[in-house]
There are 2 protein chains.
Amino acid sequence: MSNLNARISEAFVTAGVRPTPQRYAVLEFLARRPVHATAEEIFHAVNRKDPRSSRATVYNSLRSLTHAGLVREIASCGKAARFDTNLCPHHHFVCDSCGAVEDIAWVEIPQSALGGRMVRNYDVVFRGLCERCARSDREAGERQ
Amino acid sequence: MSNLNARISEAFVTAGVRPTPQRYAVLEFLARRPVHATAEEIFHAVNRKDPRSSRATVYNSLRSLTHAGLVREIASCGKAARFDTNLCPHHHFVCDSCGAVEDIAWVEIPQSALGGRMVRNYDVVFRGLCERCARSDREAGERQ
DNA sequence: GTATTTGCAAATCATTTGCATAAAC
DNA sequence: GTTTATGCAAATGATTTGCAAATAC
């Protein structure tokens with residue numbers, strides 16, 4: 001636990017981000033629960049204990065942390081953006097039926113065909129049915 | 001030209017989408033101009049000629065067409081969703097500096113590691129600097 | 001004739017902004 | 001002490017919704 005705290009503090013220093021208690025709370029929450037939380041969920045989570053953050057501060061914190069590379073924003077899965085800590089690179093799977101967002105192992109993509117563009121990163125989003133929804137879909141089909 | 005019209009009409013039939021003039025106008029616009037238009041841009045474009053569509057109808061049309069697979073929604077490039085016709089599969093490059101969205105040749109992705117999930121499609125979004133922004137970035141660096 | 005779709009304006013949801021106060025360096 | 005971040009409430013932007021009138025099958 002103090003291990004995690006130390007790593008978070010260090011991350012702020014090496015990323016050159018001013019470590020406010022509010023930002024710390026956001027990063028700690030994301031580091032502790034590897035879910036793909038929305039800003040709203042993070043807002044509620046950090047306001048269950050101290051320090052409290054306003055919604056605007058949660059958004060500000062997420063932006064700073066994302067900009068510094070400590071957090072990753074996943075924009076393409078539904079309405080609200082989702083965030084996760086950027087510890088090891090991975091892609092995402094979004095279930096068309098229940099909206100679940102799951103991690104998928106990183107895939108190297110051959111970056112020919114990219115011309116003079118300077119690629120900073122890339123993101124693969126798979127879409128379809130998650131295991132649970134695929135199963136209940138199959139069962140519904142059999143029932144007919 | 002009548003070629004395109006015929007193809008569009010046929011697309012409605014084979015996709016099983018009720019072909020209203022408003023939907024037709026949306027699909028025709030997207031098919032004619034291979035840009036990644038936002039709903040707002042499409043709304044303005046179709047309202048320059050007949051048939052007029054309300055904003056709600058443009059959104060409805062885009063949803064039906066996307067659902068039917070005739071149009072693809074690109075969600076992860078800025079605030080507003082962008083749309084293109086789904087004629088040949090491709091990925092996207094988003095410029096972090098100017099926001100341009102460019103097409104990138106399709107890449108096959110090895111779909112191991114996807115477990116029991118049923119993948120319907122996937123989408124690779126590359127991010128970085130487009131050729132023009134990369135160039136002016138380089139020039140700005142030299143000037144210092 | 002029945003099921004869908006359209007148009008409008010109002011509603012909603014996610015996110016941003018402006019500005020005074022407070023905290024970090 | 002100066003710069004940067006916070007909190008609040010109001011503003012904005014994108015998209016959706018409810019419902020009556022119109023259109024497609």
Side-chain angles (χ1 to χ4, degrees), chain A residues 8-9 11-29 36-68 70-83 94 99 101, chain B residues 8-9 11-27 29 36-68 70-83 99 101:
Chain A
I8 294 177
S9 302
F12 274 106
V13 176
T14 53
V17 178
R18 195 177 279 209
T20 68
Q22 288 81 354
R23 286 174 180 172
Y24 193 100
V26 167
L27 188 52
E28 185 181 6
F29 171 76
H36 304 90
T38 61
E40 191 66 18
E41 286 161 2
I42 297 168
F43 170 72
H44 285 299
V46 300
N47 278 290
R48 274 199 275 278
K49 36 182 194 157
D50 276 333
R52 308 298 170 103
S53 298
S54 70
R55 221 173 293 260
T57 296
V58 170
Y59 278 102
N60 281 341
S61 303
L62 286 170
R63 186 146 38 144
S64 316
L65 295 170
T66 302
H67 219 87
L70 299 176
V71 159
R72 176 144 71 132
E73 179 178 355
I74 320 163
S76 49
C77 35
K79 286 187 85 101
R82 285 164 182 278
F83 299 87
V94 180
V101 180
Chain B
I8 294 177
S9 301
F12 275 106
V13 176
T14 52
V17 178
R18 197 178 279 210
T20 69
Q22 287 82 353
R23 286 176 179 170
Y24 194 99
V26 167
L27 188 52
F29 170 76
H36 304 90
T38 61
E40 191 66 18
E41 286 161 0
I42 297 168
F43 170 71
H44 286 300
V46 300
N47 279 290
R48 275 200 274 279
K49 36 180 196 159
D50 277 331
R52 308 298 169 99
S53 298
S54 70
R55 222 172 293 260
T57 297
V58 170
Y59 279 102
N60 281 342
S61 301
L62 286 169
R63 186 148 36 145
S64 315
L65 294 171
T66 302
H67 219 87
L70 299 176
V71 160
R72 177 145 69 133
E73 179 177 356
I74 320 163
S76 49
C77 35
K79 289 187 84 102
R82 286 165 181 277
F83 299 86
V101 182

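All values reported here derive from a predicted model rather than from experimental measurement. Sequence lines set the chain letters: A, B, ... in the order given, protein chains first and strands last, and positions in each chain run from 1. What's counted below: heavy atoms across the whole structure, side chains too, no hydrogens, waters or symmetry copies.
- Nucleic acid contact class of B:S53 (heavy atoms, under 4.0 Å, all strands): sugar-phosphate only.
- Taking for each of A:R23 and B:E73 the nucleotide of DNA chain D with the nearest heavy atom, the 5'-most of the two is the partner of A:R23.
- For the pair B:E73 and B:R63, the salt-bridge criterion is not met [side-chain N within less than 4.0 Å of a carboxylate O].
- The rotation axes computed at either terminus of the helix from C:dG1-D:dC25 to C:dC25-D:dG1 lie 50° apart, taking five pairs at each end and rounding to 10 degrees.
- Between the CZ atom of A:F43 and the P atom of C:dT16 there is a distance of 15 Å, given to the nearest Å.
- In this structure, A:R82 contributes its side chain and A:H36 its backbone to a donor-acceptor pair below 3.5 Å.
- Distance NZ (A:K79) to P (C:dT15): 10 Å, rounded to an integer number of Å.
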Handout entry: Worked check of side chain to side chain donor-acceptor pair (under 3.5 Å) between A:T57 and A:S54
Key = CA-CA 5 Å; A:T57 296; A:S54 70; 3.0 Å; yes
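- Within the 4.5 Å cutoff, no side-chain heavy atoms of A:Y24 are placed close to those of A:T20.
- Proximity of A:T57 to the phosphate of D:dG7: a side-chain N or O atom is located under 4.0 Å from OP1 or OP2.
- Atom-to-atom, CG of A:N60 to P of C:dC19 comes out at 16 Å; the value is rounded to the nearest Å.
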Handout entry: Criterion side chain to side chain contact (heavy atoms under 4.5 Å, CB included) on B:V17 and B:R23, from CA distance to verdict
Key = CA-CA 9 Å; B:V17 178; B:R23 286 176 179 170; 3.5 Å; yes
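- Each of B:A39 and A:S64 was matched to the nucleotide of DNA chain D holding its nearest heavy atom; the match closer to the 5' end belongs to A:S64.
- Within the 4.0 Å cut-off from OP1 or OP2 of C:dT15, at least one side-chain nitrogen or oxygen of A:Y59 is found.
- We find that CZ of B:R52 is positioned 16 Å from C1' of C:dC8, with the value rounded to whole Å.
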Practice task
Decide yes or no on side chain to side chain donor-acceptor pair (under 3.5 Å) for A:R72 and A:T66, but give the supporting numbers first.
Solution key: CA-CA 6 Å; A:R72 176 144 71 132; A:T66 302; over 6 Å; no
Fill in the blank from the handout: Quick tally for nucleotides 20-25 of chain C: nucleotides whose base has a protein heavy atom under 4.0 Å get B, sugar-phosphate-only ones S, the rest -, giving ----BS
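- The residue B:Q22 sits close only to the backbone: its heavy atoms come under 4.0 Å of sugar-phosphate atoms, none of a base.
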